[in-house]
K.L.:
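Below you will find the structure I want to go over with you.
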Protein chains: 2
Amino acid sequence: MLQSHLLDRSESTYSALSAPDEAMPDASLRDVFLRLGGTILVERNGEIYADGEPAEHVYEVMSGVVRICSYLEDGRRQICAFHFPGDVFGFELDEVHAFSAEAVTPCKLAMARKSAFKDAASREPTLCAAMCRTVATSFAQLQAHVVLLGHKSAQQRVTAFLKALTRHHANAGVVELPMSRQDIADHLGLTIETVSRTITQLQDLGVISLEGSRKITVRRRQLAA
Amino acid sequence: MLQSHLLDRSESTYSALSAPDEAMPDASLRDVFLRLGGTILVERNGEIYADGEPAEHVYEVMSGVVRICSYLEDGRRQICAFHFPGDVFGFELDEVHAFSAEAVTPCKLAMARKSAFKDAASREPTLCAAMCRTVATSFAQLQAHVVLLGHKSAQQRVTAFLKALTRHHANAGVVELPMSRQDIADHLGLTIETVSRTITQLQDLGVISLEGSRKITVRRRQLAA
DNA sequence: CGGACAGTTGAATCAAATCAACAAACGTGG
DNA sequence: CCACGTTTGTTGATTTGATTCAACTGTCCG
């Protein structure tokens, strides 16, 4: 009852808050997914594709959250990006996936064969442009992440992360974290302990407040970049 | 062996960059540049475009080396990428450049209006595909860089960087560094001092040797990832 | 020659990692 | 429903790798 649940909660919450800004990157892309592909459901922590597998599909997140990650030899993990409803991923040019994609929460994904996409794109220039735009969007995000990882302190990383998350919430000021501390740490290039400490530190500063470990209220817009 | 497999893959990702030196990413792209645009020369440390300027052109490096960078409020700089002959840059979708591009060495660049490119692309699907591929290539490089910045030690960063540079040299084993220690530091998320120390350290280990500060001979292929 | 960079090296400091407990939340099965 | 083990998150003590501050060397070029 108390836990009635993860599943429910994430399902409803996320599809609900997919609404805001970048939920719909491109109507024409969405159409193509519906025309060319189907949808799949993936359970929490389920694998969407793995590092090394042939890369044959392109995906769009319909609900839930996806992480794109790389496993290092020593077992550590780097999460390059999280994808939220409306985001498209899996368009890497290589024949083989260089990274893995996993479901952070239960996910519903639209999925289409790359080849079908390419065919469609060669007939419809606007579609091709839409794809380019999609890739470019991810590219810009990644560039920003490089800046974050290259030169920022733990506190700056965490605040930037929280700030980015608020974009996915209609209800400004309240952020529901779909991912674990470990996920956050692996994304920000920190350790769980540092993430945890930094969050309590921000709490002490009055910048945020927690209600349970996964729900954060942002007190001030003053999240320094 | 599983190990070495992993290693190889991440390697190739990093410098899946552009192929060797003059290998052009795409003949059709090169053609379009010649058809639609002209070439420009930029002196060492010259600005190609700045952060905040309207983004109207796309470029291809014909000779020289370019850095794409971001300046933080505190004056520090993050270099997202270096571009070598054959690389295309300036594809960002935004109307305005989020990053700056500067010449590390004197450069000759092919340059074409984005709008002309788009027009051409809408008529020629293969061109559009080539553009997508180009963006995807930069994307893959950047992903690899995120992994590097997120979880690697100074030594790993420097060795990975040197290894990536060898791709641009026909004469395997000898790397001529076109950029300063400061450039390297800003790219790898380190300080000049750390880069310098790490290089001497690699020298002490017998992995590399220097002939002047800008010319490095790689002794062993044993550059661990 | 001398001044300005570019690069190296040393010593002290610090932010984040590591090592180590502990606490809280979850969920499973009696 | 509760007891119990497991996972997830927090906190503390200590270590450490990289930064910072500072001095010094080499090199290029007017």
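In what follows, chains are A, B, ... by sequence order, proteins preceding strands, each numbered from 1.
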K.L.:
Assign a letter to each nucleotide of nucleotides 17-22 of chain D from its 5' end: B, base within under 4.0 Å of a protein heavy atom; S, sugar-phosphate only; -, no contact.
P.N.:
-SBBB-

K.L.:
Could you check how far CZ of Arg214(A) sits from C1' of dT7(D), rounded to whole Å?
P.N.:
11 Å

K.L.:
Please state how far atom CZ in Arg181(A) lies from atom P in dA23(C), giving the value in whole angstrom units.
P.N.:
18 Å

K.L.:
Partners of Tyr59(A) by ring-ring contact (aromatic ring centres under 6.0 Å, His included), sequence neighbours excluded?
P.N.:
Tyr49(A), Phe89(A)

K.L.:
Starting at atom CD of Gln201(B), determine the distance to atom P of dG10(C), rounded to an integer number of angstrom.
P.N.:
13 Å

K.L.:
Ile199(B) CD1 to dA6(C) C1': how many Å, rounded?
P.N.:
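Going from CD1 in Ile199(B) over to C1' in dA6(C) covers 12 Å.
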
K.L.:
Filter on salt bridge (Lys or Arg N to Asp or Glu O under 4.0 Å), then keep only pairs touching residues 196-212 of chain A, sequence neighbours left out; what's left?
P.N.:
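Those involving residues 196-212 of chain A do not exist here.
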
K.L.:
Taking only residues two or more places apart in sequence, or in another chain, which ones meet Arg181(A) in a side-chain hydrogen bond (donor to acceptor under 3.5 Å, both in side chains)?
P.N.:
none

K.L.:
Can you sort out the partners of His187(A) under ring-ring contact (aromatic ring centres under 6.0 Å, His included), two or more places apart, ordered by chain and number?
P.N.:
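Phe82(A), His145(A), Phe161(A).
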
K.L.:
Could I get the full list of side-chain hydrogen bond (donor to acceptor under 3.5 Å, both in side chains) partners for Ser100(A), not counting sequence neighbours?
P.N.:
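Checked Ser100(A) against side-chain hydrogen bond (donor to acceptor under 3.5 Å, both in side chains); zero matches.
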
K.L.:
Any salt bridge (Lys or Arg N to Asp or Glu O under 4.0 Å) pairs touching residues 98-109 of chain B, not counting sequence neighbours?
P.N.:
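Checked against salt bridge (Lys or Arg N to Asp or Glu O under 4.0 Å) - neighbours excluded - the pairs reaching residues 98-109 of chain B are Arg67(B)-Glu102(B).
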
K.L.:
What is the distance, rounded to the nearest whole Å, between atom CD1 of Ile192(B) and atom P of dG10(C)?
P.N.:
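Atom CD1 in Ile192(B) sits about 17 Å away from atom P in dG10(C).
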
K.L.:
Just how far, in rounded Å, is P of dA4(C) from CD of Gln182(B)?
P.N.:
19 Å

K.L.:
Please enumerate all residues that pass salt bridge (charged side-chain N to carboxylate O under 4.0 Å, His left out) together with Arg113(A), with sequence neighbours excluded.
P.N.:
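Salt bridge (charged side-chain N to carboxylate O under 4.0 Å, His left out) check on Arg113(A) returns Glu56(A).
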
K.L.:
How bent is the helix from dC1(C)-dG30(D) to dG30(C)-dC1(D), comparing axes over its five end pairs at each side, to the nearest 10°?
P.N.:
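Angle reported: 30°, given to the nearest ten degrees.
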
K.L.:
Given dT9(C), is OP1 or OP2 found less than 4.0 Å from the side-chain N or O atoms of Ser196(B)?
P.N.:
no

K.L.:
Counting only side-chain nitrogens and oxygens, does Ser213(B) get under 4.0 Å of the OP1 or OP2 atom of dT8(C)?
P.N.:
no

K.L.:
Heavy atoms under 4.0 Å is the rule here; annotate nucleotides 25-30 of chain D 5' to 3' with B where the base is hit, S where only the sugar-phosphate is, and - elsewhere.
P.N.:
------

K.L.:
Could you work out, with salt bridge (charged side-chain N to carboxylate O under 4.0 Å, His left out) as the rule, every residue matching Arg44(B), not counting sequence neighbours?
P.N.:
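By the salt bridge (charged side-chain N to carboxylate O under 4.0 Å, His left out) rule, Arg44(B) matches no residue at all.
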
K.L.:
Sub-3.5 Å donor-acceptor pair from the side chain of His83(B) to the main-chain atoms of Ile68(B), do we have one?
P.N.:
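Such a contact is absent between His83(B) side chain and Ile68(B) backbone.
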
K.L.:
Identify, with sequence neighbours excluded, every residue that meets side chain to side chain contact (heavy atoms under 4.5 Å, CB included) alongside Ala110(B).
P.N.:
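Once residues adjacent in sequence are excluded, the partners of Ala110(B) under the side chain to side chain contact (heavy atoms under 4.5 Å, CB included) criterion are Phe33(B), Glu60(B), Met62(B).
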
